[in-house]
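To start, the structure under review is shown below, and the notes come after it.
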Amino acid sequence: MDDMLKDFVVEAMDLAVNVEEHLLRLERDPDNKETLNAVFRSFHTIKGGAGFMGLPALVAACHLTENLFDALRTGAAPVTPIAIEAALQASGFVADQLTELANGAAPESLPAMPEELEHILTNAIEGKGMDAPAPAAAVVAEVAVVVAEVAAVVVAAPAAAVATASADGLDWEGMYNTVVPEASRLAAAPVSAVAAAPAAVVAAPAAAAKPAGKAWDGVDRREERPEVRHAAPVKEDSIRVDAVKLDALLEVAGESVQAANQAAVLLERLLQFKFEGQAATLMATLAETLERASRYSTELQRATLATRMQPVGRLFQKFPRLVRELAKDLGKDVELTIEGAETEVDRVVVDSLYDPLVHMLRNSLDHGVESPEARLAAGKPAKSYISLKAWQEANSVMIVLQDDGKGMDPAFLRSKAQQKGLISENAQLSNDECFQLVFLPGFSTKEVASSVSGRGVGMDVVKTAVEKNRGAIHIESMLGKGTKFAIRLPIELSIVPTMLVSTSGAALALPMAVVQRVVELPETFMEVGGAPVLKDQGRPLPVRSLAGALGYESCSERVGIVVAAPQPYILAVEAVDGTADLVIKPMTAITVEGITGTARSAEGELVLVVGLSFLMDGCRGSVRMAA
């Protein structure tokens, strides 16, 4: 794909996504003129670029849809469900064509516009099936015929007719008499009367002058305004950069920060020795230079991170149409509300969360929310609501998907898992652990798989994707009230604020996102059910050994870290060694439960990073499948 086509595809795909969002908004608010104009402009812009790039199918689809919205925005036709559906199908076709181009398809290999799409767009333009004023397309066609006839008259006009022409050289009376019925024609009039003829004919739309029945060639030949023709070119304030280059830049920035930190530690050790004379001067200069280098490397890191941050709205804006179409297929009345779309997160997280959120939405629509009849029978409103929220919390981003459906029954989930052999018959699980069963591969509460769900792979994909991004997912549900999925993710992936700890001779790092405070542990504990418990700020919290959770040898752990998990607890470690922003390298060769990656400390030592999900789950692995 050449650079011009690539730029067109990127810009057009952004416009296509915005079009879907505008159309769904228009469906809720048909009188919104601003939205109508926005859709018209988007299709017009895509059409112009497609004509320049030689993409006839895109041009045809956009041109028909542009005609439809021209009629809608001028009031020649009303906004109806038929018009919205036609525009959504056109938007889908445009998006499909752009996706094929983005995937490397040659422009000449793209399929033509389907006849079904042309048919539904034409029907919407002509207002078939609804009482509407004469659509704009019909008016334009009539004007085109009129102008063509006028042009013929002017070309064939005899010299006598020219004699009565007005000052601008046109025989207005002759042209008017040509296009009106004989009974309405004007008698001969002096030139001054002809000059005063109505100007409506002059103001006929430029589009009407195009030959009737001839395919539009993709070029919009509108008369340029003098003030625009000589305007200075618009200054661009952004450029496109390959994401791979940004990733490489971020890695270099992170390593430079690590190197600066190590140099600072070495300098601090050197300063413990006594330097005199010129050596002391050099050491002072070295200290000042390293401080400046450290400051600049930190600024470089922050600036590089900012280039990778993207609002989650880029991800969320794809979901309203998905919910609309799926709810229609399932016969349910569902409204999706979105909040916090401006919340920024690492672009890698944005790209990798699309599939998980799609699975969660599909499960919420299929399993969670009830049909309108069932909701009315249960005393609920017929319309169900799904909310998708995002916000920043400390060094994390929270994404919460919540519905007001029937909720999940822990006993039923446990029974289903036992039937499928996913857990043992004697397994004693808490409600939270029962909710976690939905993430097991192969788990489903449906007896027969459908096109929406039932194969037991969707929620497994969700948990895998979240943990791959060093995140955690938690479920809360109440029968008859609904279900909430809460995803916690680091704002950015490569550099993570951590607390450095040591236990059983191992150097470890805990994400600061879950660290509340550090407490001193006594030699003996109270016990509840045989497990150690310590009161913290008036509440009893279970105490768990980090060495024991990771399978290390037992040691004397006298320092406790209060972990902000859904079920808070105290994590016992041997010592706390401070805090650091670490460049995390994912573990790809081996998999160790509880460990999500490695990093280098300021002293250059290897540090193992404990997984956020592992800590959020109470230092316990996922519910284990039966052997």
Side-chain angles (χ1 to χ4, degrees), residues 5 8-9 12-13 15-17 19-20 22-24 26-27 36 39-40 42-73 76-142 144-145 207-208 210-220 321-322 324-326 328-329 451:
L5 183 58
F8 162 72
V9 170
M13 288 182 82
L15 287 171
V17 172
V19 161
E20 288 194 355
H22 289 319
L23 288 173
L24 296 175
L26 193 62
E27 189 175 39
L36 274 171
V39 175
F40 176 84
S42 295
F43 276 108
H44 180 73
T45 303
I46 297 174
K47 180 187 74 174
F52 182 74
M53 300 308 301
L55 304 169
L58 268 180
V59 168
C62 290
H63 187 58
L64 275 176
T65 315
E66 186 183 13
N67 284 347
L68 169 62
F69 272 83
D70 194 33
L72 297 179
R73 68 181 188 145
V79 178
T80 63
I82 294 176
I84 297 294
E85 185 63 33
L88 280 171
Q89 289 195 26
S91 173
F93 172 73
V94 169
D96 290 343
Q97 292 245 317
L98 294 172
T99 301
E100 288 193 39
L101 287 171
N103 292 334
E108 58 272 12
S109 68
L110 295 179
M113 181 173 65
E115 292 184 5
E116 297 81 2
L117 176 59
E118 184 177 359
H119 181 68
I120 189 173
L121 282 170
T122 304
N123 283 350
I125 293 171
E126 295 176 354
K128 288 187 177 178
M130 55 186 175
D131 296 324
V139 175
V140 169
E142 291 175 8
V145 173
K210 298 171 185 174
K214 199 171 181 180
W216 188 71
D217 61 0
V219 180
D220 194 4
R321 185 178 180 187
L322 170 72
R324 175 186 182 273
E325 300 293 337
L326 192 54
K328 187 168 64 174
D329 292 343
S451 60

Distance in Å, Asp96 CG paired with Leu101 CG, rounded so as to fall on 0.5 Å steps | 11.0 Å
Sub-4.5 Å side-chain heavy-atom contact between Phe40 and Leu36 = no
Distance-minimising heavy-atom pair for Pro107 and Leu55 | CB-CD2, 3.5 Å
Please round to the nearest 0.5 Å and tell me the distance separating atom NE2 of His44 and atom CG of Leu15.
-> 12.0 Å
Gap between atom CG of Leu121 and atom CD of Glu85 - 0.5 Å precision | 10.5 Å
Qualifying residues under side chain to side chain contact (heavy atoms under 4.5 Å, CB included), relative to Pro81, sequence neighbours excluded = none
For side-chain contact (heavy atoms from CB on, under 4.5 Å), just list the numbers for Phe8 and Leu58, CA-CA rounded to whole Å, side-chain angles, deciding distance to a tenth of an Å, and then say yes or no.
-> CA-CA 12 Å; Phe8 162 72; Leu58 268 180; 4.3 Å; yes
What residues form a salt bridge (Lys or Arg N to Asp or Glu O under 4.0 Å) with Glu325, not counting sequence neighbours?
-> Arg321, Lys328
Decide yes or no for Glu100 and Pro111: does some side-chain heavy atom of the first lie under 4.5 Å from some side-chain heavy atom of the second?
-> yes
In Å, rounded to the nearest 0.5 Å, how long is the span from CG of Leu26 to CG of Leu88?
-> 9.5 Å
If you take all heavy atoms of Leu110 and Ala105, which pair is closest and at what distance?
-> CD2-CB, 4.3 Å
Please assess Phe69 against Leu23 for the test side-chain contact (heavy atoms from CB on, under 4.5 Å), listing each intermediate value before the final yes or no.
-> CA-CA 11 Å; Phe69 272 83; Leu23 288 173; 3.4 Å; yes
Can any side-chain N or O of Ser91 pair as donor or acceptor with the backbone N or O of Ala87 at less than 3.5 Å?
-> no
Search all heavy atoms of Ala86 against all heavy atoms of Leu117 and return the closest pair with its distance.
-> O-CD1, 4.2 Å
What are the two closest heavy atoms between Val9 and Ala102, and how far apart are they?
-> CG1-CB, 3.9 Å
Take Arg324 and Glu27 through the test side-chain contact (heavy atoms from CB on, under 4.5 Å) and record every step on the way to the result.
-> CA-CA 11 Å; Arg324 175 186 182 273; Glu27 189 175 39; 2.8 Å; yes
Please report the shortest heavy-atom distance between Ile46 and Ala12, naming the atom on each side.
-> CD1-O, 4.0 Å
Nearest heavy atoms of Ser109 and Ala106, plus distance in Å | OG-O, 2.6 Å
Value rounded to 0.5 Å, distance of CD1 in Ile82 from CD1 in Ile125 = 13.0 Å
Rounded distance (nearest 0.5 Å) linking atom CD1 of Ile120 with atom CD of Glu115 | 14.5 Å
Between the main-chain N or O of Thr45 and the side-chain N or O of Glu66, is there a donor-acceptor pair closer than 3.5 Å?
-> no
